[in-house]
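Note that the structure is predicted; figures quoted are calculated from it, not measured. To find a chain, count down the sequence lines: A is the first, B the second, and so on, and within it residues start at 1.
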Amino acid sequence: MSPELLLIAVPGLLGVATVMAVPLGAWLGARAGYPLAVLSAACGAVLFVLLDEALDSPVTVSGQWLPTLAAEWGLRLDALGLTFALVITLVGAVVLAYSPGYLHGEMAPARYYGALTGFAAAMTLLVLAGDALVLYVGWELTTLTSYLLIAAAPGGRPAAARALLITFTGGLALLAALLLAAASLDALSLATLTDPSAWTGAPVVAFLALLVLAAAVKSVQAPFHVWLPPAMVAPTPVSAYLHAAAMVTAGLYLLLRFAGLLATQPVIAGVVAGMGAVTALFAAAVAVRRDDFKQVLAYSTISQLGFMVALVGVGTKAAIAGALAYFLAHATYKAALFLCAGVFDHSLETRKLPELAGSARRLPLNTAAVVVACVSMAGVPPALGWVGKDEGIKGLLEKPDVFQWLVLVTVVAALALTVAYSIRVAVAPFAKSSDAAGSSEELSQRPIWSMSLWAALLATVSIGLGLVTAKFIPFLHITPLIDAATEVALGQAPDKPLVVFPGFTAAFFTSVGTILAGAAVYALWRARGWWQVLPADLGTRLADGLGHRLVALGSAPQRLWSAPRPALHLGILFVVVASVAGAGLISLSEGPEAVAGESAPRWVVALLIGAGALVVARAHDRLAAFAALGAVGFLVATWYVLHGAPQLAAVQLVIDALTIGLGMFVLRHLPRTFPQRRPLRRTGAAAAALAGGLAFAGLSLFQRTDALPAASEHYLDEARSSSTQNVVTEVLSHYRALDTLGETTVIAIAAVGVVAVIRMGRQR
Amino acid sequence: MSTLISRVAARVITPLAVALGVFLWLRGHFALGGGFLAGGAIGVAVVFRHVTIGADSIERLLDRGVGHVVGAGLLLMIAYGFAGYVWGKGFMASATLHLEAPLVGDVAIPSTLLFELGVSVVVIGAAVAVIHELGDDQE
């Protein structure tokens, strides 16, 4: 098969898996994870087949999509996308294989697997996109599927809504950035957008600022990180996949993709570096204090994403290579730790670190997986976590200036805290348990061993990938991949390949220093418990406070709009329409065309309509007013007939009849007569109504010309030449079909709204 | 309103209104008619039926939620839109099927009938849902 076909096959297979997941989940239940895992692994295998080709030169396919937007549907496989796609498909396969053991009534398997594989397909599309618009589609689809996965968990709705709201803001920023690019470059292919020379004279700073905002939201940089910790209510495999390996790294991918462009704008790059460093330190400080295993992991993820984002901001060759290596390390060890947390959760019914005491004996394999993963998280040689950290620190040391030093110090402090909580997590299962509760029978009810095995596999990979960078193991080298990905991101390959032991350099000593400092912090905590002084949830509290402020700000207009007073809403509507239309009418230099004399029947009907309207306005009795209103409706239908518009007249008749019928039911609930209002209010209402009516009358004067506009003539000609004789339906169902669909949707929404309002009223 | 005459009238009017609706729907492409009008006509009949006979089987269809009928109508319209890729040049493209029928000769069946049907279903669904909710508390 040609490489292009294989490339299409990767998101294609995952798309097929998404479609199949729902019936499979209904048929096989939780066990549907196994065939889906095989599919996902097959996608990974396809990527391996394409590896050599992609490292050589990008594999691309594309075709026309939206020519007016210069958008193509296109896929592009280069080393950077490949690095991410490998993680997505392979970690995805492990997570899918782990899920059957985990799922026990938390979620319907069909929904769980459908959303999970849908997410995998969307994420793969995101990293393999050759066109920015394809990337955007993948980006938003990951947001949606992530919402489905969080919301389906028990009590997950509020967390899911928060995640959706915050990440959609980022999505809007991305969309704005892309529209800006499309408008100023007239191109949307990623190859053009990432090329700094294409941007000369274009608003590159605004583009990058929007892009960084989108990436910061997706990759949980402070202060946008607030959606991640509550999202931990999601099933643990979902957290392992979305909140460690895949979704949250989408922002990192975006920044890496544009790293070359970012490097040309030192100010924005500095903002990125600073934001990443602050996030890394703040989140590490929070992670140290948490007791819940998943919360520790959530804050640790925020912290490590901060580290990687800071490296991209610094943007030297070694920093980018370090970020890429650390991304691979993080995806494997963090997913492994989440999977381990799931095993603890299911077998011990707790995730609190102090309560894991004694589980080392009862869950030996799981504990081993935790320890191995923590070795990589702490960045101890020879794990890949060490290689990435060491290379990253080398990158930070490459550009010595004051700002760079600040970033370095912050990051080093964050890494030391990372070591501290890694030790804390690793030793938690070994603590002596105070009671011997929990029988072994309970444990055997789930396939705990196989679940732990998948976690152990990922943890081992995280160590093994570091080992293979050592010179004496010439097998499955990741170094060429990282080098090529760095070249894609930055335009230049690193000077030296990644190695476990780079020699006694400043970076080496700094990295070792983080491990020693972390161990010291941990020892001090055991001795004194001194980090209790650190604020517990300062960030979350600040963000929540800000959120409450925002809600309060919005509640004033909300009170106005949600007031149960139709007169108020109509009044606002009329005044707005009258002012807009009035301003437009006044600014016109010419008046409407004079229309030749009206016929007598038209005059009669017009006078009757006016009289009817007057009766409606003057009536005290609601029923009388309503009857008069119905009569006006029928008269308007007559008016249409006199103007030669039978289709409009018929629709008006039907709608009038429906309105009268439904209105009668409303009238039954209202007092017979209108309440007496103060004269001032009556005058105000009359003024608003008159202004609205006059505005519409004024507008209609301009519609009444004897000569048809060109567009209408065109419609008529088209209709005459086709089989149709009814121009109105032809326009509605043919030329403006999309508009009709939109308007019909409005009817549907209105019906749902009316039903909801009535039910709400009845419940009160 | 619930007199004997009106109840009998409602029983006669409902099938007539449905027939009128179908008639309006089918001829919308060639003369006065169309999906919206058809839906409106049937909607009026349902309201009249509700007033005279009370909530009946038509409305009970909706007890499970407005979404089902209204949503089905919208989905039909969207499906028609995508079908445009099959028989036409793109989204919402239409086509006409010409059939040779005995006695009448050439009969043109425009694909937009599906689209119009969707509009009718939404309008009927909306009317029935609202009347069902408004009239619910009278029993």
Practice prompt. Considering only heavy atoms and a distance below 4.5 Å, find which of A:Ala748, A:Gly661, A:Ala750 pairs most often with chain B.
Written response: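 Top count of heavy-atom pairs under 4.5 Å with chain B: A:Ala748.
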Discussion item. Heavy-atom pairs under 4.5 Å with chain B: which of A:Thr729, A:Thr745, A:Val666 has the most?
Written reply: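 Between A:Thr729, A:Thr745, A:Val666, the count favours A:Thr729.
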Worksheet item: Between A:Ile655 and chain B, which part of the residue has a heavy atom less than 4.5 Å away: side chain, backbone, both or neither?
Response: side chain
Worksheet item: Quick one: what part of A:Val754 sits under 4.5 Å from any heavy atom of chain B, side chain, backbone, both or neither?
Response: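 The answer is the side chain of A:Val754.
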Ignoring hydrogens, what is the shortest heavy-atom contact between [X] and [Y]? Give both atom names and the distance.
{"X": "B:Leu113", "Y": "B:Trp25", "value": "O-NE1, 2.9 Å"}
{"X": "A:Met107", "Y": "A:Leu148", "value": "CE-O, 4.3 Å"}
{"X": "A:Leu741", "Y": "B:Met92", "value": "CD2-CE, 3.6 Å"}

Fill in: Residue among B:Thr112, B:Leu24, B:Ile78 with most heavy-atom pairs under 4.5 Å to chain A
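The option with the most such pairs is B:Thr112.
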Discussion item. Heavy-atom pairs under 4.5 Å with chain A: which of B:Tyr80, B:Phe115, B:Phe36, B:Phe91 has the most?
Written reply: B:Phe115
Discussion item. Given 3.5 Å as the limit, does a donor-acceptor pair link the side chain of A:Thr740 with the main chain of A:Leu732, or not?
Written reply: yes
Discussion item. For B:Thr14 and B:Arg49: C-alpha separation, side-chain torsions, deciding distance, then whether side chain to side chain donor-acceptor pair (under 3.5 Å) applies.
Written reply: CA-CA 7 Å; B:Thr14 316; B:Arg49 212 180 150 86; 3.0 Å; yes
